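Below is one structure, written out as structure tokens, with a few remarks after it.
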Amino acid sequence: MVAPPVSQDADTLAYVKGIKDELNKVLGQKVAYTEVKLVAVENDARKNWAVRARETNLGDVCAVATRAALDTDIAFANGGGVRSDVAIDDITYGNAISVMPFGNSLCKIEPTGQTILDALEMGARLYPEPNGGFLQTSGLTYEIRSDIATPVKLDNRGNFIGVEGPRRVQNVRVARQPLDPASTYTLSAISYLLKEGGDGFTMFKGSKVIVDEQGLDYEVLITYLKDNLNGIISSSSLYGNETGDGRILVKNGPDPVPTPAPTPAPVKPVADPLARTDDPLLPASAAASTLALCALAGAACATHALRRKRETTPDSR
């Protein structure tokens, strides 16, 4: 039996300390600054994982960073891979690594719209309970109908088998257009999710792989913060709201059917107030009145002319 050393080697301790000091210098370097808190954890007594049950601004940032790095139509960030809040302050390399500490590699695939629908259904199956497979998104929006029970079927290992029954994920849109189940889209996420079937996401097996194992998740987050956001997350940006910018909506029932507008009442024609519209003799009466007026006017003119003639004729006596 080997006895433990009585004391540690001074040279070894100094060497390890030197490595730690250099590492801390790197981890402490500023990457960006955020004017808003970036949320991973609920701010309540239970401290549940917010990113595993709803949209958050940090989930949005992670998904957008992934999409920007691989230039895809859609990107997913699974809630279980986002592990730390970011407070209002400088964001360091160490902060970014704390958000995504596993160093997962990224990949890019080309699945069908139907496969994407199945993945969203898988991610939302436990809502409102937290779920590491809950999908934060970029390039895609969707709604969760909480009044509909999950239709997802799993095997005894928790892997996706299929969907039976009404879907709770609805109104899925890509670039503001309805997702087409028959079309294909480019999708980026961590390889754990898309290639390894992590969290039970087996529906992606068989999808065409376009880019395999490119970069690490925290690296693309750092690059996005530095280059795409120019080192600042503004409170007026689309990340300014801790609950995200509306990519994931939750509804507990269908939209109400709009009440049809009342049929307007028919408009009755306005009668001429000077004449009775129900008088069948009106045209003849009007003509007779006109002739009578003309006759009176003629008689008046004749009388006036006769009077003038008498006034201007010299007296013959």
Side-chain angles (χ1 to χ4, degrees), residues 31-32 34 38-40 51 54-83 86 91 96 99-100 102-113 115-120 122-124 133-142 169 172-180 183-195 198-199 201 203-204 207-234 237-241 244-249:
V31 172
T34 179
L38 302 176
V39 174
V51 286
R54 64 175 177 85
E55 180 185 357
T56 77
N57 56 354
L58 182 55
D60 288 350
V61 170
C62 293
V64 175
T66 300
R67 182 172 168 228
L70 280 88
D71 189 25
T72 52
D73 300 320
I74 305 163
F76 289 154
N78 60 310
V82 181
R83 308 291 289 193
V86 179
I91 303 174
V99 170
M100 297 180 133
F102 300 118
N104 286 300
S105 62
L106 303 177
C107 71
K108 176 179 179 179
I109 66 173
E110 191 176 57
T112 65
T115 300
I116 292 169
L117 290 175
D118 290 343
L120 293 171
M122 180 71 172
F134 187 87
L135 296 177
Q136 308 283 334
T137 66
S138 175
L140 177 147
T141 60
Y142 66 101
V169 172
V172 181
R173 292 179 174 270
V174 177
R176 297 186 175 87
Q177 299 300 315
L179 178 141
D180 181 3
S183 295
T184 57
Y185 299 86
T186 53
L187 170 66
S188 54
I190 58 175
S191 299
Y192 168 78
L193 192 75
L194 301 185
K195 289 182 58 185
D199 290 329
F201 283 80
M203 70 288 295
F204 294 116
S207 295
K208 179 181 178 181
V209 177
I210 300 173
V211 175
D212 190 7
E213 307 284 330
Q214 175 176 307
L216 301 178
D217 47 11
Y218 65 79
E219 290 177 342
V220 301
L221 176 60
I222 291 169
T223 299
Y224 179 72
L225 293 173
K226 291 174 63 177
D227 298 344
N228 297 72
L229 297 184
N230 297 317
I232 181 73
I233 297 180
S234 168
S237 71
L238 51 84
Y239 307 119
N241 190 329
D245 71 336
R247 302 174 193 182
I248 306 171
L249 300 179

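Just so you know, these numbers come straight off a predicted model, no measurement behind them.
Side-chain atoms of Thr186 come within 3.5 Å of backbone N or O of Asp73 as a donor-acceptor pair. For the pair Thr66 (side chain) and Cys62 (backbone), a donor-acceptor distance under 3.5 Å is present. Glu55 places no side-chain N or O within donor-acceptor distance of the main-chain N or O of Asp60, the cut-off being under 3.5 Å. One N or O on the side chain of Gln136 and one on the backbone of Val51 form a donor-acceptor pair closer than 3.5 Å. Between the side chain of Asn57 and the main chain of Gly240, no donor-acceptor pair closer than 3.5 Å is present. Between the Arg247 side chain and the Leu140 main chain, no donor and acceptor come within less than 3.5 Å of each other. No side-chain donor-acceptor contact under 3.5 Å links Asn104 to the backbone of Asp217.
We find the CG-SG distance between Leu70 and Cys107 to be 8.0 Å, quoted to the nearest 0.5 Å. Leu216 CG to Thr223 OG1: the interatomic distance, rounded to the nearest 0.5 Å, is 10.5 Å. Note that CD of Glu213 and CD1 of Ile190 are 11.0 Å apart. Values are rounded to the nearest 0.5 Å. In this structure, the separation between CZ on Arg67 and NZ on Lys108 is 11.5 Å, given to the nearest 0.5 Å. The structure places OG1 of Thr72 at 6.5 Å from CG of Leu187, a figure rounded to the nearest 0.5 Å. Taking CD1 of Ile74 as the start and OH of Tyr185 as the end, the distance is 7.0 Å to the nearest 0.5 Å.
Taking the side chain as every heavy atom from C-beta outward, Leu135 and Phe201 approach each other to under 4.5 Å. Ile91 is listed as a side-chain neighbour of Ile233, based on a closest heavy-atom distance under 4.5 Å. Using a 4.5 Å heavy-atom threshold, the side chains of Phe134 and Asn78 count as separate.
The heavy-atom pair separating Gly113 from Leu179 by the smallest distance is O-CD2, 3.4 Å. The two atoms that bring Ala68 and Tyr224 nearest to each other are CB-CD1, 4.2 Å, heavy atoms only. Looking at every heavy atom in both residues, Ser207 comes nearest to Ile109 through CB-CD1, 4.0 Å. In terms of heavy atoms, Glu110 sits closest to Thr184 at CG-CB, 3.9 Å. The minimum heavy-atom distance between Ser237 and Ser234, with the atom names listed, is OG-O, 2.7 Å.
A salt bridge between Asp212 and Lys195 is present, with a side-chain N of the basic residue lying under 4.0 Å from a carboxylate O of the acidic one.
Below 30°, between 30° and 60°, or above 60°: for Phe76 and Phe204 the angle between ring planes is between 30° and 60°, a tilted geometry.
With 3.5 Å as the limit, one finds a donor-acceptor pair spanning the side chains of Ser191 and Ser105.
A side-chain contact (heavy atoms from CB on, under 4.5 Å) with Tyr239 holds for exactly one of Thr34, Leu229, Thr56, Leu58; it is Leu229.
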